[in-house]
Peer 1: 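One structure, as structure tokens, below. Some questions next.
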Amino acid sequence: MDQLDFAKQLPMRGEYDVIVAGGGVAGYAAALSAARCGKKVLLTEKTVILGGLATTGLINFFVPMCNGRGRQIIFGMAEEMLRDSVKYGYDTIPDEWKNGEPGESEDVPRYVTRYSPYLFALQMTEALHHAGVEILFDCAVVEPVMEGGHCKGVITSSKAGLEFRRGKIIVDTTGDADVLRRSGMPTVIGKNYFTYLGRIVTLDSCRSALETGRAETAVQTITGGNIDLYGHNQPEDVPLFHGTTPEDVSDYIIRNQLIMLGKMKDKDRLAGEISTLPAMPQFRTTCHIAGDYTLKTDDAYRHFDDSIAAINDFDRPDNLYEVPYRTLIRSGFDNLITAGRSASAEGYAWDVLRVIPPAIITGQAAGEAAALAIDSGRSITGIDVPTLQRRLESRNVMIHFEDSLVP
């Protein structure tokens, strides 16, 4: 029995304009964007909390959305979500950015903030619910049902077992390109350093919270592995993790949790309490697509005719990129698109593209592109990109950076 015949044997549980697989920030943005365009949208999330690494992964940090000299680069839904993330909880937005762009200066701090991850997750649920997005928690897309390069829909796994759901456009925001990899789309497997962090509350941190009047300071970081972005101090006896098999994921989790437990064994058992462990592997990359274009480090300061957003480097001031639409798609797959960290990029350019603000802005573009494909009767690879760009610009997305910003 082939895949399509198998799907026909399963209960059919709905037909949608857009199915978004994965409820991280990219998936949230894609679903909300498509819903705002009037489309019937389903979002599936394998956990019970939206936000992915930005919430359940405890990476609750909007990295810089500016060029390091007082000029904001990333706007659109990323700006909307940053402001929403601190609406009911704490923030660390520099005073200079509280009321918008402060103006050009070499001394101004970068536009960043930390936020309450679980408040943010609840707000995302509220926003999608109010927008009419159907959310299925504890439900994972396990297989796309393909007919050549066309996806007829997806097989989901949940408490109800295996079910089939039809969709006109499928957006893979699993963060791991799970759907696209299983569709036959070419993908690239990544490697991850030995990094793992959780949250701890201690008597000392509680005293600090009382003294400062800021409850969030009671929650501190505790690590297993603690390797930085560039791989400094990666243990020689620890492999780089690809995260695409249960064995590799489990090896990563077990090694890190044993280290964290060892640290707790050395502490006063009444003086500290682990408050939160990450509810997902904190991998930076497992799998991303080999798209129609692969963004490269040498593409810094390059303009693209099919750019869907300008983004800045979160680590290096002045470094600017444009994100080609082609990084989200692959020719030969007419209704499949991705966003976030599974977009097509390599080397340090991939690091710039994978973090929260670019993930949101590419998710917004994917949702808008899905709606445009449906409205125009075209494939996701054949939409009119200038129309997409105009629609994104009308929603406050910077498509091309100004040449005056190039140092």
Side-chain angles (χ1 to χ4, degrees), residues 18-22 26-27 29-30 33-34 144 146-151 167-190 285-311 321-354 358-359 361-392 397 399-400:
V18 181
I19 296 177
V20 179
S33 179
M146 302 299 297
E147 191 171 56
H150 181 77
C151 184
K168 295 177 183 176
I169 303 291
I170 313 300
V171 185
D172 183 345
T173 47
T174 59
D176 306 312
D178 285 340
V179 179
L180 301 186
R181 176 162 48 95
R182 293 165 189 165
S183 77
M185 187 179 292
T187 55
V188 179
I189 294 176
T285 175
T286 54
C287 216
H288 63 268
I289 70 167
D292 282 352
Y293 187 83
T294 298
L295 192 69
K296 304 173 181 63
T297 305
D298 289 345
D299 289 329
Y301 309 122
R302 179 180 174 185
H303 293 299
F304 290 95
D305 289 342
D306 66 332
S307 172
I308 47 87
I311 61 173
Y321 289 85
E322 290 181 2
V323 182
Y325 179 63
R326 289 165 292 160
T327 62
L328 309 183
I329 56 172
R330 174 81 182 206
S331 294
F333 296 84
D334 66 359
N335 65 336
L336 297 174
I337 186 170
T338 194
R341 65 178 186 170
S342 50
S344 185
E346 66 180 26
Y348 185 69
W350 179 85
D351 274 299
V352 175
L353 187 59
R354 70 176 169 81
I361 215 72
T362 55
Q364 180 178 3
E368 195 80 43
L372 178 58
I374 294 168
D375 290 342
S376 62
R378 295 187 177 188
S379 69
I380 199 72
T381 55
I383 63 169
D384 185 64
V385 173
T387 300
L388 174 63
Q389 292 171 325
R390 287 192 294 271
R391 288 170 66 156
L392 290 170
V397 176
I399 300 298
H400 302 289

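Scope of the values below: all heavy atoms of this structure, side chains included, with no hydrogens, waters or symmetry mates.
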Peer 1: Short question: side chain of T362, backbone of A339 - any donor-acceptor pair under 3.5 Å?
Peer 2: no

Peer 1: Who passes side chain to side chain contact (heavy atoms under 4.5 Å, CB included) against R182, sequence neighbours left out?
Peer 2: E143, P144, D178

Peer 1: Between V18 and A34, which heavy-atom pair has the shortest distance, and what is it?
Peer 2: CG2-CB, 4.1 Å

Peer 1: Given the rule in the side-chain contact (heavy atoms from CB on, under 4.5 Å) test, do L353 and Y321 qualify, once you have shown the distances and angles that lead to the verdict?
Peer 2: CA-CA 9 Å; L353 187 59; Y321 289 85; over 6 Å; no

Peer 1: Examine distances only and state if a side-chain atom of T381 and a backbone atom of S331 form a donor-acceptor pair shorter than 3.5 Å.
Peer 2: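 No, because the side chain of T381 does not come within donor-acceptor range (under 3.5 Å) of the backbone of S331.
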
Peer 1: State the OG1-NE2 distance between T327 and H288, to the nearest 0.5 angstrom.
Peer 2: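 Here the rounded value is 10.5 Å.
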
Peer 1: Treating R330 as the side-chain partner and A290 as the backbone partner, does any N or O pair qualify as donor plus acceptor under 3.5 Å?
Peer 2: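 Side chain of R330 to backbone of A290: a pair is present.
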
Peer 1: Is there a side-chain contact between R341 and T285 in this structure, where contact means two heavy atoms from C-beta onward sitting under 4.5 Å apart?
Peer 2: no

Peer 1: If the test is side-chain hydrogen bond (donor to acceptor under 3.5 Å, both in side chains), which one of T174, D176, T187 qualifies with T286?
Peer 2: D176

Peer 1: Main chain of V385, side chain of D306: is a donor-acceptor contact present, judged purely on distance under 3.5 Å?
Peer 2: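 No, because the side chain of D306 does not come within donor-acceptor range (under 3.5 Å) of the backbone of V385.
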
Peer 1: Output the distance between atom SG (C287) and atom CE (M185), rounded to the nearest 0.5 Å.
Peer 2: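 Spacing of SG (C287) from CE (M185) equals 11.5 Å.
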
Peer 1: The test is side-chain contact (heavy atoms from CB on, under 4.5 Å); show your working for L372 and E368 and say whether it passes.
Peer 2: CA-CA 6 Å; L372 178 58; E368 195 80 43; 5.8 Å; no

Peer 1: Going by the side-chain contact (heavy atoms from CB on, under 4.5 Å) test, name the single residue among I337, L336, D334 that passes it with I329.
Peer 2: I337

Peer 1: Name all residues meeting the side chain to side chain contact (heavy atoms under 4.5 Å, CB included) criterion together with N335; count only those two or more places apart in sequence or in a different chain, and write none if there are none.
Peer 2: H150, C151, I169

Peer 1: Does Q389 use its side chain to pair, donor to acceptor, with the backbone of S307 at less than 3.5 Å?
Peer 2: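 Yes, because the side chain of Q389 sits within donor-acceptor range (under 3.5 Å) of the backbone of S307.
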
Peer 1: W350 side chain to L295 main-chain N or O, any donor-acceptor pair under 3.5 Å?
Peer 2: no

Peer 1: With rounding to the nearest 0.5 angstrom, report the CD1 to CZ distance, I308 to R391.
Peer 2: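 Between atom CD1 of I308 and atom CZ of R391 there are 14.5 Å.
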
Peer 1: For the backbone of A21 and the side chain of T173, can you confirm whether one donor and one acceptor N or O come within less than 3.5 Å of each other?
Peer 2: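 Yes, the answer is positive, given that a donor and an acceptor are paired below the 3.5 Å cut-off.
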
Peer 1: Are the side chain of S183 and the backbone N or O of L180 linked by a donor-acceptor pair below 3.5 Å?
Peer 2: yes

Peer 1: Which residues satisfy the side-chain hydrogen bond (donor to acceptor under 3.5 Å, both in side chains) test with H303, sequence neighbours excluded?
Peer 2: E322, D403

Peer 1: So I380 and L328, do their side chains get closer than 4.5 Å, heavy atoms only?
Peer 2: no

Peer 1: Using the side-chain contact (heavy atoms from CB on, under 4.5 Å) rule, take R390 and D384 through it: C-alpha gap first, then chi angles, then the decisive distance, then the call.
Peer 2: CA-CA 10 Å; R390 287 192 294 271; D384 185 64; 4.2 Å; yes

Peer 1: Does V179 offer a backbone N or O that forms a donor-acceptor pair with the side chain of D172 under 3.5 Å?
Peer 2: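 Here the side-chain-to-backbone pair exists.
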
Peer 1: Would you compute the distance between atom CZ of R181 and atom CD1 of I189 and round it to the nearest 0.5 angstrom?
Peer 2: 7.0 Å

Peer 1: Test F333 against I289 for side-chain contact (heavy atoms from CB on, under 4.5 Å), laying out the working first.
Peer 2: CA-CA 12 Å; F333 296 84; I289 70 167; over 6 Å; no

